[in-house]
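In what follows, a structure is listed as structure tokens, so that the remarks can point back to it.
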Amino acid sequence: MATEILMPALSPTMEEGTLAKWLVKEGDTVSSGDILAEIETDKATMEFEAVDEGIIGKILIDEGSEGVKVNTPIAVLLEEGESYDASAVSVPAASEEAAPAGAPAAPAAAAAAAAPETAPEVDESPDYPEGTELVTQTVREALRDAMAEEMRGDQNVFVMGEEVAEYEGAYKITQGLLDEFGAKRVIDTPITEHGFAGIATGAAFGGLRPIVEFMTFNFAMQAIDHIINSAAKTLYMSGGQMGAPMVFRGPNGAAARVGAQHSQDYAAWYMQIPGLKVAMPYSAADAKGLLKSAIRDNNPVIFLENEILYGKSFEVPKLDDYTVPFGKAKIWRKGDDVTIVSFGIGMTYALDAAEKLAADGINAEVIDLRTLRPMDLPTVIKSVMKTNRLVTVEEGWPQGSVGSYIASEVMQQAFDYLDAPVITCTGKDVPMPYAANLEKHALITTDEVIEAVKQVTYR
Amino acid sequence: MAVRKSAQKSNISAEELTKYYREMLLIRRFEEKAGQLYGMGLIGGFCHLYIGQEAVVVGLEAAAEEGDKRVTSYRDHGHMLACGMDPDGVMAELTGREGGYSKGKGGSMHMFSKEKHFYGGHGIVGAQVPLGAGLAFADKYLENGRVTFTYFGDGAANQGQVYETYNMAQLWDLPVVFVIENNQYAMGTSVKRSTKSPALWKRGEAYGIAGEEVDGMNVLAVKEAGERAVAHCRAGKGPYILEVKTYRYRGHSMSDPAKYRTREEVQKMREERDPIEQIREMLLTGKHATEEDLKAIDKDIKDIVNKSAEFAKTSPEPALDELWTDIYA
Ligand SMILES: Cc1ncc(C[n+]2csc(CCOP(=O)(O)OP(=O)(O)O)c2C)c(N)n1
Ligand SMILES: [Mg+2]
């Protein structure tokens, strides 16, 4: 059966090309892999190989022809003993099935929701029943307990990272874990972030539930390819067949007096990635409850801790199995005059400012997002519908900050409820300086939060 | 370990030879068909063909056992066919259809099969190396006796993460076979132009990892070397490196003008070293098969490949809802 040889597309974008040269002539016998012609595009000259074997029965497009459209028949291939008959050529399947589908449905249009009549539904259930016994714990102890409890519950949970085992953690978060779980499950790695993040991700593909500790998240930049390209995307790229149930955790954000390379907040970076979940707790109770949820989660979770918060004490519920769900913000303080939204160490400024503002007669509602992906925007919007004013607080840089995302969502979903522009309080747009006085200025301060609240409340 | 000579031709059964012939031919015909569909605009983006390298995966799969794992780069069609994945599902993924292994959401470079223990299909050069060691880490942790074949190219062998992985794999005795598919080029850069240390397998010596160079155009040599590697891993002795010398006949991807090598170089390889021709010769001269037998196999393979192309053309595009699924488990 005669078949047409079609002008090939030699690159994803090629629509037409020049048939520069024929390397075969009519009557030649060709087999698969033989070079038939040279094709020129605006980018390059490429050789075009035969796929089937046969005899070149007819050349339909002469060499030197320009602007030959992809899929135009350029020659006819005959089987042995056949002769060329222009009418008897079978037409190979054309590419009409490949026509691109219409644009996908966008998520619910935002504009219509700019003036919601009723407040969005919000889960306001308490984190633990009233009357639960509370114990005072540091964030450090809470994180350790969370890992230990989950490791007792699931043999496939293990911890790896630099200095996590024998040294018990550069910040002593893994204290006691080697003793209890042994070297098989508490693993010291060489200093090789790119490598061990990849190994841990592979181990998660292979059925384990790794907890990867980064000594600090600054060093995770060497591993960010595996976090994003390997861990976060595989579930999607495999059509749901396999993913990476794992936790990447460690201190994030500014420490004290360590300069630019050791002080930055990655919240906004990771928050952008579909396929990742991102938690950034403030209190010890949330650190514990969220880390336990993170370890059980079947997705890769970025768990952003903070060195300065590690030693801070909070009340933690004394429960056998205390977990905090992702995507549920916590309202630390009720108020009617302004909404302050923060997370992680930003909460220290937010709460401090709220306290001082109360003395001035301004009652702020303070919301701790706790997780940034998923993010509990309904709680924020419901609050803004009451206070009509919003200030966000974070340590990270201003451009592309978490606050700017919140501001844009609130503007799109509750524009009519805003009585003032949203103010996003962030760290300054500079690398972290070393000098004590400069460092203080580079970070967000309580005074700046107070000033922002006064601006949006027109005081 | 010394560089070994090609495998002996002795006591290989007709059945075994025929099996390799079939498996390699399936890959070649499948890839030729993929190239054709690409030319018709049915396959988009990057599409990296495996033509010329067939003996590598077919030989190593012959050394693998049920349950062993494999992971590779974007040049992955051959690996998938060799481990028994369905040609229909692979081809339909290339055309971005619902019937593809990733429901059309992965494409040529990103395919997976949990059932066949194929862990991708990775588009970032070198990333699959620690991932493969991680799979082996899980196997060791779970004490299941499995081995992971981690394939990567001569270009990937210059990635830092490869050496981070070598170090940890040996430190922790991970059961992983590192297979360097040295096809002599990374896109347009020949090995000579990328390193002054061209014996890639020897780089493992710095970490104490055993390894050897293998004739990758000879499926029997690959299989023998694979068996040594697997035995080493299964005995708990840690990783093993195979640098398999091979050659890709086609461009790096479909849109490669291939000006970095001569037509003669490619032609010479094809004529003198072709892995499929070598086995065909052995089958015929050893009187293990007649021309007719081989013709029947050819026909059979052609039918399988045509069927996969038909499936890949007629399987519908994924439903638009698929855009929003499989982001979170
Ligand atoms: C990290 C990274 N850098 C660059 C690329 C672009 N790229 C894709 S394939 C390739 C060449 C790789 O060659 P090799 O490892 O020898 O594998 P082969 O293609 O020969 O199978 C390059 C540079 C990439 N995908 N990832
Ligand atoms: Mg190469």
Side-chain angles (χ1 to χ4, degrees), chain A residues 6 8-12 14 32-33 35 43-49 51 70-71 92-95 97-98 101 104-105 156 158 184 189-190 192 194-208 225-226 229-230 234-243 245 274-275 277 298-299, chain B residues 32-33 35-36 38-42 44-46 69 71 95 100-103 105-106 110 112-114 119-124 127 129-135 137-139 141-142 160-161 164-165 167-168 171 249 251 254-258 263 270 313-314 317 320 323 325-329:
Chain A
L6 304 179
L10 295 172
S11 77
M14 174 175 164
S32 89
I35 295 153
K43 285 188 224 121
T45 304
M46 277 177 261
E47 290 168 348
F48 173 40
E49 295 177 7
V51 176
V70 165
N71 280 338
S95 57
E97 306 110 286
N156 286 344
F158 71 96
K184 179 181 174 185
T189 65
T192 174
H194 195 185
F196 70 69
I199 287 181
T201 305
F205 292 167
L208 303 184
D225 177 54
H226 281 295
N229 272 320
S230 305
T234 296
L235 186 72
Y236 197 77
M237 295 194 303
S238 69
Q241 288 185 76
M242 61 183 76
K277 291 190 176 180
N298 285 327
N299 299 284
Chain B
E32 286 166 356
K33 183 57 85 178
Q36 194 180 29
Y38 192 96
M40 289 163 66
L42 284 162
F46 295 132
K69 301 182 167 85
V71 63
T95 53
Y101 265 99
S102 301
K103 302 192 259 182
K105 299 200 284 192
H110 317 108
F112 304 79
S113 167
K114 197 155 200 176
Y119 287 84
H122 294 273
I124 305 297
V129 179
L131 294 174
L135 290 164
F137 179 97
D139 287 335
Y141 190 100
L142 298 169
Q161 60 184 315
E164 296 191 24
T165 302
N167 187 44
M168 285 181 278
L171 180 66
Y249 295 173
M254 292 303 297
S255 40
D256 172 9
R263 198 174 286 169
R270 280 190 150 156
K313 287 182 205 166
T314 51
E317 289 189 310
L320 288 187
L323 184 62
T325 64
D326 304 322
I327 299 164
Y328 291 102

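Bear in mind that the values here come from a model prediction, so they are computed numbers and not experimental data. Any value given below was found using the heavy atoms of this structure, including those in side chains, with hydrogens, waters and symmetry copies removed. Letters A, B, ... mirror the listed sequences (proteins, then strands); counts begin at 1.
Between chain B and the residues V70(A), L235(A), N298(A), the most heavy-atom pairs under 4.5 angstrom are made by L235(A). The most heavy-atom pairs under 4.5 Å with chain A, out of T165(B), V129(B), I124(B), T95(B), come from I124(B). Of the listed residues (A197(A), G240(A), G243(A), P245(A)), the one with the most heavy-atom contacts under 4.5 Å to chain B is G240(A). With chain B as the partner, the residue from P190(A), S230(A), P8(A), S238(A) showing the most heavy-atom pairs under 4.5 Å is S238(A). Chain A forms more heavy-atom pairs under 4.5 Å with one residue of G35(B), S255(B), S113(B) than with any other, namely S255(B). By number of non-hydrogen pairs under 4.5 angstrom with chain A, the leading residue of K103(B), E32(B), K33(B) is E32(B).
Rounding to the nearest 0.5 Å places CG of D326(B) at 12.0 Å from OG1 of T234(A). L6(A) CG to Q36(B) CD: the interatomic distance, rounded to the nearest 0.5 Å, is 8.5 Å. Atom CZ of F112(B) is separated from atom CD of Q241(A) by 8.5 Å, given to the nearest 0.5 angstrom. To the nearest 0.5 Å, the span separating CE on M242(A) from OG on S102(B) amounts to 9.0 Å. From K277(A), atom NZ reaches atom OH of Y328(B) across 7.5 Å, with rounding to the nearest 0.5 Å.
N167(B) has its side chain out of reach of T192(A): every pair of non-hydrogen atoms, C-beta onward, lies at least 4.5 Å apart. Contact of the L208(A) side chain with the F137(B) side chain is registered, since non-hydrogen atoms from C-beta on lie closer than 4.5 Å. Considering only heavy atoms from C-beta on, Y236(A) stays 4.5 Å or farther from H110(B) through its side chain.
L142(B) and G206(A) get closest at one heavy-atom pair: CD1-O, 3.9 Å. Of all non-hydrogen atoms in P130(B) and G195(A), the two that sit nearest each other are CB-O, 3.6 Å.
Both the backbone and the side chain of T201(A) come within contact range of chain B, with heavy atoms under 4.5 Å apart. For a residue to count as touching a neighbouring chain, one of its non-hydrogen atoms must lie under 4.5 Å from one of that chain's; by this rule H226(A) touches chain B with the side chain only. Using a 4.5 Å cut-off between heavy atoms, E47(A) contacts chain B through its side chain alone, with no backbone atom that close. Residue contact with chain A, scored on non-hydrogen atoms closer than 4.5 Å, involves the backbone and the side chain of A127(B) alike. With a 4.5 Å cut-off on non-hydrogen atoms, F196(A) touches chain B through its backbone and its side chain both.
In this structure, Y141(B) and F158(A) have tilted ring planes: the angle between them lies in the 30° to 60° band.
Heavy-atom neighbours of F46(B) CZ from other residues, nucleotides or ligands within 6.0 Å: at or below the threshold of 12.
At least one donor-acceptor pair under 3.5 Å links the side chain of N71(A) to the backbone N or O of M40(B).
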